[in-house]
Amino acid sequence: MLSYLGRRLLLLLPTAAVPLLLVFFMLRLAPGDPASILAGDQATPEQVEALRHELGLDASLWHQFTVFCRQIATLQLGDSHFLAKPVIELIPPAAAVTLEVSLGALLLGLALGIGLGCWAAFRQHRLDGGVARTLGILGISMPNFVMALLLILVFAVEFRLFLVGGWVPISKGLAPHLRTVGLPILALALAEAGGVSRITRGAVLDVLREPYVTTARSQGIKEGRISMVYVLRVAGVQILTVAGLLTAGLLSGSAVIENIFGLPGMGRLLFEAVQRRDYQLVQGIVLFTGLFIIVINLVVDLLYAVIDPRVRLGAQEK
Amino acid sequence: MTMKHRAIRGILALGCAVATVTMGLTACSSTNAGTSVDSAATPKKGGNLRISLAGIPAVIDPFATSLQANWVIARQVCEPLFDVSTSYEIKPVLVQKTAYDNDKTYTFTLRSGVSFQDGQPLKAADVVASLTRYLDTPGNGSILKSLTASMSSPDDSTVVLTLKSPSAIVPTLLTTAYIMPASQVKGRPITSALDTLVCTGPYKLTSYVKDQTITLARWDGYKTPEGESDGATGVKNAYVDTMTFTAIPEASTRVQAVQTGQIDIGGAVPLDMKPSIVSPAKAQMLSATSGSTIVFNKVQGPMANVKLRQAFLAALNMQEIMAAGFGDSSAFTVDGSFIPEVNKQWTSAAGTDVYNKQDLAKSKRLMTEAGYNGEKIVWLTTKDDPTWYAPSLPAQEQLKKAGFNVDLQVVDQATIIARRTHPDQFDIFSSGIPTYADPVLLPYLQSTFPGTWKSSERDALLAQLASQTSQSDRKATWDKLQTLVWQDLPFLKFGTTKPLVVMSESVHVSHVDEFTGSFYNVWLG
């Protein structure tokens with residue numbers, strides 16, 4: 001197991017390098033640079049050029065690339081051109097906001113999705129099972145930004161239970177904090193719950209048709225035990241895979257949600273950094289996000305062995 | 001309102017929103033909001049004014065960026081020697097007396113008793129240090145630099161500015177030169193942005209979290225200029241105790257935040273949101289100040305031919321373009337003056353006899369004379385600014401009918417700013433102009449502006465405009481220059497739009513146009 005973990009960790013480096021290289025060259029191939037944005041649209045070409053020189057943007061691409069590699073190797077990601085702070089200091093507070101919203105949404109989305117999926121599968125020929133299936137389809141069909149606007153309209157504008165937008169840190173009290181994060185979490189969770197419920201329903205129905213389930217029933221094992229031990233545990237492998245993918249998807253999905261709700265998370269930081277062509281900051285965020293997704297995938301792979309004994313047995317046979 | 005009523009309204013709202021989303025209708029929008037500010041309400045002091053903007057400036061040092069959207073904090077905290085009223089008149093702010101010898105020397109006497117927010121008195125040396133840094137900035141600063149021979153401070157309250165040649169526009173050029181202590185700005189390059197602002201304005205910066213929140217508090221040591229309160233001139237009342245700026249990028253979220261009482265002012269929102277703004281929020285339409293324009297490539301490509309540019313203009317019906325682009329006819333004006341009507345000193349109809357005179361036969365004749373054979377014309381535009389984008393689609397349709405082959409490329413604003421400096425990458429680019437206090441400030445008139453307009457006649461008129469000292473002479477010169485623009489067509493204007501600001505009904509101000517960026521005369525009640 002340890003050698004497996006070691007190999008996976010070594011593979012992290014080339015896997016993380018690919019998006020970093022791509023983003024380095026794509027940013028520099030895209031029209032516009034930080035100097036022209038910083039100088040503004042009234043600046044003369046000479047003034048922009050002077051600023052470009054000061055920021056080191058007039059150096060050759062090769063020189064910029066070597067500086068970039070040095071920064072990555074030393075984990076000194078440079079300073080943001082606009083926020084005048086080291087990138088390494090800008091990412092953690094923004095990441096904390098994004099992770100809080102994403103993880104909250106993941107847990108809530110999984111709970112709702114698995115619940116709905118099981119309901120739709122175990123009661124598939126009944127009316128309430130059909131309702132659960134329909135809710136799942138609705139969740140998949142509705143983009144999260146539409147869900148966000150609907151939730152704002154109902155829970156913030158009409159019922160005034162949550163704040164429409166903005167951010168109150170937890171240091172200013174749990175209740176006001178929850179009023180700002182509640183709707184973003186709910187918007188992401190409801191959109192993801194639809195997908196989870198569809199996967200769960202399909203996985204559970206597949207397992208329910210397995211001969212060993214029929215055998216268990218014929219042996220008189222209680223339906224509740226069959227569902228929990230014989231069915232859900234096996235179906236859990238598929239659900240776990242989806243959960244890993246969802247975590248990555250939530251990071252990108254939260255960019256839209258953060259813009260709608262005005263949350264100071266990584267999605268909004270990245271969005272604004274791209275608009276400003278803030279090279280260092282974009283690179284830093286891509287590195288962080290890439291590493292995060294790789295680690296999540298690694299954790300999911302390791303959890304397979306916990307849920308499915310066949311994975312462990314397979315490793316031992318080798 | 002009872003919980004039951006709220007529940008019913010909530011269900012109705014949900015159903016309504018679903019219908020809107022799924023059917024693409026806007027049937028749920030409410031009636032139009034009121035468009036007048038209650039100027040009769042009695043002003044009162046106190047309260048925290050909560051303002052949400054699309055973004056909190058990443059740079060608050062006004063000398064480190066020429067993007068005026070980033071100057072919102074400097075406008076509350078800092079003051080220049082002169083500033084602009086809501087009708088674009090230039091009036092003294094930090095200056096008590098100005099003596100101009102109608103030749104090359106300006107002598108400014110500073111107001112006495114003015115201090116910076118750190119308690120240090122304002123001295124002439126601070127002004128010289130600030131102006132020296134200002135000369136390195138783009139726009140007004142660089143124009144002033146080209147005029148300035150020297151600056152000195154013979155005593156603590158006197159600043160002497162010596163010019164290379166006579167010019168009446170110096171006070172206008174100083175309206176964006178915010179004065180800061182010499183200890184902070186002397187020798188500091190503009191690329192080294194200040195992270196805090198210490199100035200002489202009515203509010204002081206108390207906290208600044210980049211990209212998140214900014215808090216200002218009334219500064220009790222403020223010494224206001226005299227005269228009627230009007231925009232950034234005259235008395236600054238500093239009614240509210242504190243101001244809090246937060247960022248909510250999405251305009252619809254800002255509108256709903258005002259409606260729920262979470263914020264007081266939601267800043268500028270797209271014009272098409274006006275019908276959805278309902279009590280307790282109100283929509284305030286300001287005077288028409290934002291010109292929607294395009295700039296032609298005069299260096300190479302088909303649009304370098306002046307006859308084709310004239311054919312282009314003859315193909316356009318500006319009334320239809322503005323109506324299709326902006327919808328509400330009360331939200332725009334169709335006028336050919338490059339300085340809109342709100343600036344009464346400089347608005348002009350000179351040369352506009354060719355503006356908004358669609359004539360397809362004339363357009364085709366000019367196209368033939370220009371030798372145009374349907375070559376592709378690359379037009380760069382962006383959705384980042386609706387006033388840039390909105391006219392482009394209806395104009396493209398009209399141009400297509402006239403026989404133009406327009407390739408409309410929608411990119412982000414940063415891409416336009418980059419590509420417009422390369423003449424081989426565009427034929428036309430969308431742009432926009434605010435209302436300038438003086439036509440000399442119009443960047444399109446400079447030969448260095450992208451699109452490159454080379455004209456000896458323009459050079460002569462611009463030099464005259466910069467050096468003449470009589471207002472009537474300068475107005476006559478501007479009329480000639482605007483006429484030249486409508487003949488030579490280095491750029492053209494579709495029309496002028498009115499910014500729409502969303503705010504709570506509890507927000508009041510005497511002059512509605514102050515909502516363009518200053519909040520010290522706003523009161524809550």
Side-chain angles (χ1 to χ4, degrees), chain A residues 30-48 50-51 54-55 80-85 90 93-94 142-143 145-146 148-160 162-167 258-262 264 268-269 271-272 274-278, chain B residues 3 6-7 9-11 13-14 16-18 21 52 55 58-59 64-68 70 136-140 142 189 191 193 195 209-213 246-250 252-254 256-257 259-263 384 411-419 421 425 431 443 446 448-450:
Chain A
D33 66 12
S36 57
I37 310 290
L38 202 56
D41 66 347
Q42 290 186 34
T44 62
E46 293 76 26
Q47 285 166 327
V48 174
L51 191 55
E54 190 149 331
L55 297 174
S80 157
H81 295 307
F82 288 81
L83 304 179
K85 266 188 172 180
L90 289 166
M142 196 174 287
F145 66 89
V146 177
L149 295 175
L150 287 176
L151 291 173
I152 288 174
L153 201 61
V154 176
F155 293 106
V157 177
E158 287 303 322
F159 294 123
R160 311 281 168 98
F162 296 96
L163 295 182
V164 170
W167 174 252
E258 283 169 14
N259 268 295
I260 290 174
F261 288 99
R268 208 177 96 203
L269 193 65
F271 181 74
E272 288 176 355
V274 169
Q275 281 192 318
R276 296 171 186 151
R277 305 290 195 269
D278 196 341
Chain B
M3 203 62 188
R6 284 192 185 285
R9 283 188 59 182
I11 291 163
L14 179 65
C16 186
V18 169
V21 168
S52 268
V59 181
T65 173
S66 72
L67 292 174
Q68 295 206 5
N70 286 344
D136 289 333
T137 64
N140 295 1
S142 63
T191 47
D195 257 353
V209 183
K210 289 183 176 184
D211 271 355
Q212 291 188 32
T213 61
T246 52
I248 300 182
E250 185 66 30
S252 63
T253 313
R254 291 202 303 278
Q256 285 159 339
Q259 273 173 226
T260 57
Q262 190 184 324
I263 57 170
D384 290 355
V411 293
D412 69 345
Q413 208 159 10
T415 301
I416 289 192
I417 291 173
R419 284 180 62 183
T421 58
Q425 293 187 16
S431 185
Q446 307 298 325
T448 52
F449 193 79

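Each chain gets a letter, A, B and so on, in the order its sequence line appears, and its residues count up from 1.
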Region of B:Q256 in contact with chain A, defined by heavy-atom distances below 4.5 Å = both
Test item: B:S252 and A:L149 side chains (from C-beta on) under 4.5 Å apart, heavy atoms | yes
Closest non-hydrogen atom pair, B:A418 against A:G32 | CB-N, 3.0 Å
Rounded to the nearest 0.5 angstrom, the CD-CZ distance for B:Q413 and A:R276 is 13.5 Å
Candidate pair A:R277 and B:D412, rule salt bridge (charged side-chain N to carboxylate O under 4.0 Å, His left out), full reasoning | CA-CA 11 Å; A:R277 305 290 195 269; B:D412 69 345; 2.9 Å; yes
Identify which part of B:T137 has an atom lying under 4.5 Å from any heavy atom of chain A, answering side chain, backbone, both or neither.
-> backbone
Return yes when atom CZ of A:F155 has more than 12 non-hydrogen atoms of other residues, nucleotides or ligands closer than 6.0 Å, and no otherwise.
-> no
Does any heavy atom of chain A fall under 4.5 Å from the side chain of B:T448, the backbone, both, or neither of them?
-> both
Identify which part of A:L151 has an atom lying under 4.5 Å from any heavy atom of chain B, answering side chain, backbone, both or neither.
-> neither
For A:L163, is it the side chain, the backbone, both, or neither that has a heavy atom closer than 4.5 Å to a heavy atom of chain B?
-> both
Could you check which of B:E250, B:R254, B:Q262 has the highest count of heavy-atom pairs closer than 4.5 Å to chain A?
-> B:Q262
On a heavy-atom basis, the closest approach of A:R160 and B:Q259 is NH2-O, 3.7 Å
Here the pair of heavy atoms bringing B:I417 nearest to A:S36 is CG2-CB, 4.2 Å
Taking all non-hydrogen atoms of both residues, which atom of B:P249 and which atom of A:G262 are closest, and how far apart?
-> CD-CA, 3.6 Å
Just by distance, do the side chain of B:T253 and the backbone of A:I260 share a donor-acceptor pair under 3.5 Å?
-> yes
Counting heavy-atom pairs under 4.5 Å to chain B, which of A:R268, A:K85, A:E272, A:Q275 comes out on top?
-> A:R268
